[in-house]
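Just so you know, these numbers use all the heavy atoms, side chains as well, and skip hydrogens, waters and symmetry mates.
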Amino acid sequence: MKLQFDEMISAPCRLGILATLVPGEPVTFSEMKDATSLSDGNLHVQTRKLADAGYIEISKIAKGRRTVTEFRI
């Protein structure tokens, strides 16, 4: 029997995002950017793809006058 790896998570950048989230704690956009070395635009696109596929949750949290984006597996 041949096992197939899900193409959604086979891209190195998306696998890196998921690996960063494995401990289970929420990770902010800035923390994820530092952990993965992805650009803002690429991080946004890749996390949106993972969220649309049901792998992660994206939350916008108000902190003072700013909104912080957090990711959770």
Side-chain angles (χ1 to χ4, degrees):
M1 182 170 131
K2 184 178 177 183
L3 296 176
Q4 290 186 330
F5 197 67
D6 186 343
E7 290 183 28
M8 177 56 62
I9 59 173
S10 64
C13 55
R14 290 192 290 266
L15 194 56
I17 291 166
L18 290 174
T20 302
L21 295 172
V22 165
E25 296 298 318
V27 176
T28 66
F29 190 93
S30 296
E31 292 168 336
M32 184 64 74
K33 185 177 168 185
D34 289 343
T36 61
S37 300
L38 295 172
S39 67
D40 288 3
N42 198 8
L43 181 56
H44 174 75
V45 168
Q46 301 307 329
T47 53
R48 177 55 44 205
K49 286 182 180 183
L50 288 168
D52 290 347
Y55 282 100
I56 67 171
E57 294 176 4
I58 302 173
S59 303
K60 304 273 186 183
I61 299 166
K63 292 197 176 181
R65 294 182 174 187
R66 300 184 68 209
T67 301
V68 176
T69 302
E70 287 187 340
F71 307 107
R72 181 182 291 268
I73 200 160

**Q** Mind checking what makes side-chain hydrogen bond (donor to acceptor under 3.5 Å, both in side chains) contact with Lys63, not counting sequence neighbours?
**A**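 So Lys63 forms no side-chain hydrogen bond (donor to acceptor under 3.5 Å, both in side chains) with any residue.
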**Q** What's the separation between atom CZ in Phe71 and atom OG1 in Thr47, rounded to the nearest 0.5 Å?
**A**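 Here the rounded value is 4.0 Å.
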**Q** Taking atom types as modelled and ignoring hydrogens, do the side chains of Lys60 and Thr67 form a donor-acceptor contact shorter than 3.5 angstrom?
**A**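 Looking only at side-chain atoms, Thr67 and Lys60 do not form any donor-acceptor pair under 3.5 Å.
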**Q** Let me have the donor-acceptor pairs involving side chains of residues 11-35, under 3.5 Å, with sequence neighbours excluded, atom names and distances please.
**A**
| from | atom 1 | to | atom 2 | distance (Å) |
| --- | --- | --- | --- | --- |
| Arg14 | NE | Met8 | O | 2.5 |
| Arg14 | NH1 | Gln46 | OE1 | 2.6 |
| Thr20 | OG1 | Gly16 | O | 2.8 |
| Thr28 | OG1 | Glu31 | N | 3.1 |
| Thr28 | OG1 | Glu31 | OE1 | 3.3 |
| Glu31 | OE1 | Thr28 | N | 2.9 |
| Lys33 | NZ | Asp40 | OD1 | 2.7 |

**Q** According to salt bridge (charged side-chain N to carboxylate O under 4.0 Å, His left out), who are the partners of Asp52, at least two apart in sequence or on a separate chain?
**A**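 Listed in chain order: Arg48.
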**Q** Evaluate the side-chain proximity of Leu50 to Ile9: yes if any heavy-atom separation is below 4.5 Å, no if none is.
**A**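 The answer is yes, as the side chains (C-beta and beyond) meet within the 4.5 Å cut-off.
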